[in-house]
Student: 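Can you keep this structure in mind? I'll have questions shortly.
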Amino acid sequence: MRVASGPIRVVVAKPGLDGHDRGAKVIARALRDAGMEVVYTGLHQTPEQIVGTAIQEDADAIGLSILSGAHNTLFPAVIGLLRERDAADILVFGGGIIPEADIAPLKEKGVAEIFTPGTTMAAIVEWVRQNVGQPTEA
């Protein structure tokens with residue numbers, strides 16, 4: 001588990017051709033409102049752009065939002081690039097329309113967690129806090 005030295009820094013990204021970013025913006029706002037520093041990359045980002053931003057911003061985590069069905073390609077691409085760039089300590093989590101059958105294989109490839117539709121913002125914030133190493137506030 002990576003331990004953040006200051007506020008948790010999260011890059012929220014929309015990889016690939018998916019053009020629906022409402023969920024990503026809601027997640028970004030929830031994390032920001034919980035006291036985290038959030039960089040939202042915008043639509044149509046390549047894995048290289050996402051990893052470059054995460055390294056440049058000294059991110060603790062990357063949250064990927066994928067609704068296009070390309071999760072089995074894009075998640076592993078981001079994780080592979082993080083490993084290549086000696087940044088595998090950056091936690092990768094994601095969500096979107098991801099079939100249940102794809103979740104375990106994605107986790108085996110290094111995705112820390114997948115959030116499916118209906119997951120509460122509180123649950124996502126709590127998970128990020130716990131997995132980046134900062135305890136919840138009392």
Side-chain angles (χ1 to χ4, degrees):
M1 170 174 34
R2 180 179 178 144
V3 177
S5 58
I8 296 172
R9 295 180 60 80
V10 181
V11 168
V12 174
K14 288 291 299 181
L17 300 177
D18 183 3
H20 301 287
D21 65 348
R22 184 175 188 185
K25 289 178 178 177
V26 170
I27 296 295
R29 174 169 271 176
L31 296 173
R32 184 205 64 194
D33 289 351
M36 299 178 205
E37 294 181 4
V38 179
V39 175
Y40 173 60
T41 64
L43 293 169
H44 310 301
Q45 298 295 296
T46 66
E48 293 81 5
Q49 289 171 316
I50 294 164
V51 169
T53 299
I55 291 169
Q56 181 179 354
E57 294 291 338
D58 195 26
D60 300 300
I62 297 172
L64 299 174
S65 172
I66 301 176
L67 303 174
S68 66
H71 50 275
N72 287 324
T73 301
L74 295 169
F75 276 108
V78 168
I79 290 170
L81 287 167
L82 287 169
R83 289 179 180 143
E84 286 176 21
R85 300 202 45 199
D86 290 326
D89 63 330
I90 298 174
L91 188 79
V92 176
F93 66 97
I97 306 301
I98 299 172
E100 187 70 34
D102 291 345
I103 294 174
L106 287 170
K107 287 184 174 184
E108 289 171 12
K109 292 176 183 171
V111 179
E113 188 61 83
I114 299 290
F115 298 100
T116 55
T119 305
T120 67
M121 295 305 106
I124 295 169
V125 166
E126 178 66 17
W127 185 90
V128 171
R129 282 187 176 142
Q130 291 298 318
N131 287 277
V132 177
Q134 291 192 342
T136 57
E137 298 173 1

Student: For V10 and D60, run side chain to side chain contact (heavy atoms under 4.5 Å, CB included): C-alpha distance rounded to whole Å, both residues' side-chain angles, the deciding distance at 0.1 Å, then the answer.
Tutor: CA-CA 6 Å; V10 181; D60 300 300; 5.9 Å; no
Student: From R85 CZ over to E48 CD, what is the distance, rounded to the nearest 0.5 angstrom?
Tutor: 9.5 Å
Student: Can you give me the closest heavy-atom contact between K109 and I79, atom names plus distance?
Tutor: O-CG2, 3.5 Å
Student: Of the non-hydrogen atoms in V128 and M36, which two are nearest, and what is the gap between them?
Tutor: CG1-SD, 3.7 Å
Student: Say you draw a straight line from CG of D89 to CG of L82; how long is it, rounded to the nearest 0.5 Å?
Tutor: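 One finds 8.5 Å between CG of D89 and CG of L82.
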Student: Answer whether the closest heavy-atom distance between the side chains of L64 and P15 falls below 4.5 Å.
Tutor: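 The answer is yes, as the side chains (C-beta and beyond) meet within the 4.5 Å cut-off.
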Student: Hey, are the side chains of E113 and I124 touching, using non-hydrogen atoms and a 4.5 Å cut-off?
Tutor: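 With C-beta onward as the side chain, the pair stays apart.
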Student: CD1 of I103 to CD1 of I98: how many Å apart, nearest 0.5 Å?
Tutor: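 If I round to the nearest 0.5 Å, the distance is 6.5 Å.
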Student: Report yes if some heavy atom in the side chain of T119 is under 4.5 Å from a heavy atom in the side chain of W127; otherwise report no.
Tutor: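 Heavy-atom side-chain distance check fails, nothing below 4.5 Å.
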Student: Answer yes or no: is there a side-chain heavy-atom contact under 4.5 Å between D18 and L43?
Tutor: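 Side-chain contact under 4.5 Å: no.
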Student: Might you work through the salt bridge (charged side-chain N to carboxylate O under 4.0 Å, His left out) test for R32 and E37, ending with a clear yes or no?
Tutor: CA-CA 6 Å; R32 184 205 64 194; E37 294 181 4; over 6 Å; no
Student: Would you say that F75 contacts I114 through its side chain, given a criterion of any heavy-atom pair below 4.5 Å between the two side chains?
Tutor: yes
Student: To the closest 0.5 Å, what do you measure between CG (L81) and CZ (R83)?
Tutor: 11.0 Å
Student: Do you know which two heavy atoms are closest between A112 and K107, and how far apart they sit?
Tutor: O-CE, 4.1 Å
Student: Is there a chain of hydrophobic side chains (I, L, V, M, F, W, Y, each step under 4.5 Å between heavy atoms) that links L67 to F115?
Tutor: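 Hydrophobic grouping puts L67 apart from F115.
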Student: Identify the two heavy atoms, one from V132 and one from A61, that lie closest to each other, and give their separation to 0.1 Å.
Tutor: CG2-CB, 4.3 Å
Student: Once rounded to the nearest 0.5 Å, what's the spacing between atom CD1 of I97 and atom CD1 of I66?
Tutor: 11.5 Å
Student: Within the supplied structure, the quantity of interest is the number of heavy atoms (other residues, nucleotides, ligands) at a distance under 6.0 Å from H20 NE2; does it exceed 12?
Tutor: no
Student: Looking at side-chain heavy atoms only, is the closest gap between V111 and P76 below 4.5 Å?
Tutor: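 The answer is no; the side chains never approach within 4.5 Å.
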Student: Taking the side chain from K14 and the backbone from S65, do they hold a donor-acceptor pair closer than 3.5 Å?
Tutor: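 It does hold such a pair.
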Student: How many angstroms lie between CD1 in I90 and CD1 in I50, if you round to the nearest 0.5 Å?
Tutor: 12.0 Å
Student: Within a strict 4.5 Å, meaning less than it, do heavy atoms of the F93 and N131 side chains meet?
Tutor: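 They are not in side-chain contact.
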Student: Does the side chain of P47 reach to within under 4.5 Å of the side chain of L74, using non-hydrogen atoms?
Tutor: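 Sidechains of L74 and P47: in contact.
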